[in-house]
Amino acid sequence: MQTAIYLASASPRRKELLTQLGVAFSQFSVDADESPLADETPLELVERLARLKAQTGVAMGYTDRPVLGSDTVVVIDNQSLGKPRDKADFMATLKRLSGRSHEVLTAIAFATEQQVMSCVVTTQVSFKTLSEQELEAYWQSGEPHDKAGGYGIQGLGGRFVTHISGSYFAVVGLPLYECEKLLSEFLSR
């Protein structure tokens, strides 16, 4: 793919994944209010945020090529789990995930001044039962501090995963197959 795009994300994980697609890109960060709206489902939230980030990039003046926005949420019991606010929030979150399955929703969106297109990828992730010692050690590693749902599947948190059904790359933060497909559709319009 010879197209150049913008990546509206400061995430090093998304940067690394986008590099795997062989797409030329420039990266910048956007400041978007990620608060859920009243009565917004996790799927609606994640798609709205991906679109908002892409459209914010366009509004910032990145208009000469498509802007890619992305967002990821971890969902259990139909509730979105964000990045942990502190250690107590992290412990409560991981205890909810312990020994259970949850969903990871990752939305991607491409935007220009003329159009915006998006999609959401859902992946099922199952965790082993976690001990207090594992949770403490994981928190002390520093890894979960900036991760949706309080864990990173591509890092130390990967050892908690017993099963995955869907896109591994979506759980990391950027579904490669769907990203390439959506970009192709976006450019053909």
Side-chain angles (χ1 to χ4, degrees), residues 7-21 27 29-37 40-50 52-53 68-108 119-179:
L7 173 61
S9 171
S11 166
R13 295 168 300 281
R14 288 192 177 110
K15 177 182 179 181
E16 183 180 316
L17 290 172
L18 191 55
T19 301
Q20 292 182 35
L21 285 183
Q27 184 177 20
S29 63
V30 294
D31 187 23
D33 180 0
E34 298 189 19
S35 305
L37 302 176
E40 189 173 42
T41 67
L43 189 138
E44 292 166 341
L45 169 68
V46 75
E47 188 164 25
R48 178 179 61 81
L49 292 178
L52 174 65
K53 291 172 184 179
L68 169 60
S70 184
D71 196 70
T72 301
V73 297
V74 173
V75 180
I76 193 161
D77 303 325
N78 206 34
Q79 182 182 7
S80 300
L81 305 175
K83 297 172 184 175
R85 294 181 302 277
D86 53 29
K87 183 179 179 182
D89 186 41
F90 161 78
M91 295 295 270
T93 296
L94 270 284
K95 285 178 182 177
R96 283 184 75 185
L97 300 178
S98 178
R100 298 182 61 196
S101 293
H102 60 275
E103 291 183 326
V104 177
L105 307 179
T106 295
I108 52 173
C119 72
V120 178
V121 178
T122 302
T123 304
Q124 298 287 329
V125 180
S126 300
F127 267 24
K128 71 177 190 167
T129 301
L130 303 170
S131 70
E132 288 283 336
Q133 294 81 5
E134 287 172 311
L135 294 176
E136 181 66 35
Y138 189 47
W139 175 256
Q140 294 304 323
S141 77
E143 183 178 279
H145 298 198
D146 70 339
K147 307 285 191 294
Y151 76 96
I153 194 170
Q154 74 284 2
L156 300 172
R159 69 178 184 255
F160 304 149
V161 177
T162 61
H163 183 77
I164 180 171
S165 179
S167 171
Y168 167 82
F169 296 109
V171 179
V172 177
L174 192 70
L176 297 182
Y177 168 77
E178 291 82 0
C179 190

Closest approach of [X] and [Y], non-hydrogen atoms and distance?
X	Y	value
Ser70	Ala50	CA-CB, 4.0 Å
Val120	Ala107	CG2-CB, 3.9 Å
Lys83	Ala148	CG-N, 3.9 Å
Gly149	Leu94	O-CD2, 3.5 Å
Pro42	Val73	O-CG2, 4.2 Å

As an exercise, state the distance from [atom1] of [X] to [atom2] of [Y], rounded to the nearest 0.5 Å.
X	Y	atom1	atom2	result
Thr41	Gln79	OG1	CD	13.5 Å
Ser11	Leu18	OG	CG	10.5 Å
Cys179	Leu68	SG	CG	5.0 Å
Thr72	Leu105	OG1	CG	9.0 Å
Glu44	Leu49	CD	CG	11.5 Å
Leu52	Asp71	CG	CG	9.5 Å

Check: Crowded around Asp31 CG? As in, over 12 foreign heavy atoms under 6.0 Å?
Finding: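 Open: at most 12 neighbouring heavy atoms sit under 6.0 Å from CG of Asp31.
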Notebook entry, point to check: Hey, is CD on Glu40 packed in by over 12 heavy atoms from elsewhere, all under 6.0 Å?
Noted result: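 Yes, because the 6.0 Å sphere around CD of Glu40 holds more than 12 heavy atoms from other groups.
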Check: How would you list all residue pairs meeting side chain to side chain donor-acceptor pair (under 3.5 Å) that involve residues 144-158, not counting sequence neighbours?
Finding: His102-Tyr151
Considering only distance and modelled atom types, tabulate donor-acceptor pairs under 3.5 Å from the side chains of residues 133-144, sequence neighbours left out.
from, atom 1, to, atom 2, distance (Å)
Gln133, OE1, Ser131, OG, 3.4
Glu134, OE1, Ser131, N, 2.9
Glu134, OE1, Ser131, OG, 3.4
Glu134, OE2, Lys128, NZ, 2.5
Glu136, OE1, Lys87, NZ, 2.6
Glu136, OE2, Lys87, NZ, 2.9
Glu136, OE2, Gln140, NE2, 2.8
Tyr138, OH, Glu143, OE2, 2.5
Tyr138, OH, Gly152, N, 3.0
Ser141, OG, Tyr138, O, 2.6
Ser141, OG, Glu143, N, 3.2
Glu143, OE1, Leu156, N, 2.8
Glu143, OE2, Leu156, N, 3.1
Glu143, OE2, Gly157, N, 3.0

Notebook entry, point to check: Who passes side-chain contact (heavy atoms from CB on, under 4.5 Å) against Gln27, sequence neighbours left out?
Noted result: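 Once residues adjacent in sequence are excluded, the partners of Gln27 under the side-chain contact (heavy atoms from CB on, under 4.5 Å) criterion are Leu7, Lys15, Phe25.
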Item checked: Expected output: side-chain Ser80 to main-chain Val75 donor-acceptor under 3.5 Å -> no
Notebook entry, point to check: Please walk me through it: do Leu43 and Glu103 pass side-chain contact (heavy atoms from CB on, under 4.5 Å)?
Noted result: CA-CA 11 Å; Leu43 189 138; Glu103 291 183 326; over 6 Å; no
Next item on the list: Please collect all salt bridge (charged side-chain N to carboxylate O under 4.0 Å, His left out) contacts where either partner lies in residues 159-174, sequence neighbours excluded, each pair once.
Entry: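 Of all non-adjacent pairs touching residues 159-174, none passes salt bridge (charged side-chain N to carboxylate O under 4.0 Å, His left out).
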Next item on the list: Not counting sequence neighbours, which residues clear side chain to side chain donor-acceptor pair (under 3.5 Å) with Ser35? List them please.
Entry: Asp33
Next item on the list: Evaluate the side-chain contact (heavy atoms from CB on, under 4.5 Å) criterion for residues Lys95 and Glu132: first the C-alpha distance (whole Å), next the side-chain angles of each, then the deciding distance (0.1 Å), finally the verdict.
Entry: CA-CA 9 Å; Lys95 285 178 182 177; Glu132 288 283 336; 2.8 Å; yes
Item checked: Arg48 and Glu34 ion-paired at < 4.0 Å -> no
Solution key, residues 162-176 side-chain donor-acceptor pairs under 3.5 Å, sequence neighbours excluded:
from, atom 1, to, atom 2, distance (Å)
Thr162, OG1, Ser126, O, 3.3
Ser167, OG, Phe169, N, 3.4
Ser167, OG, Ala170, N, 3.0

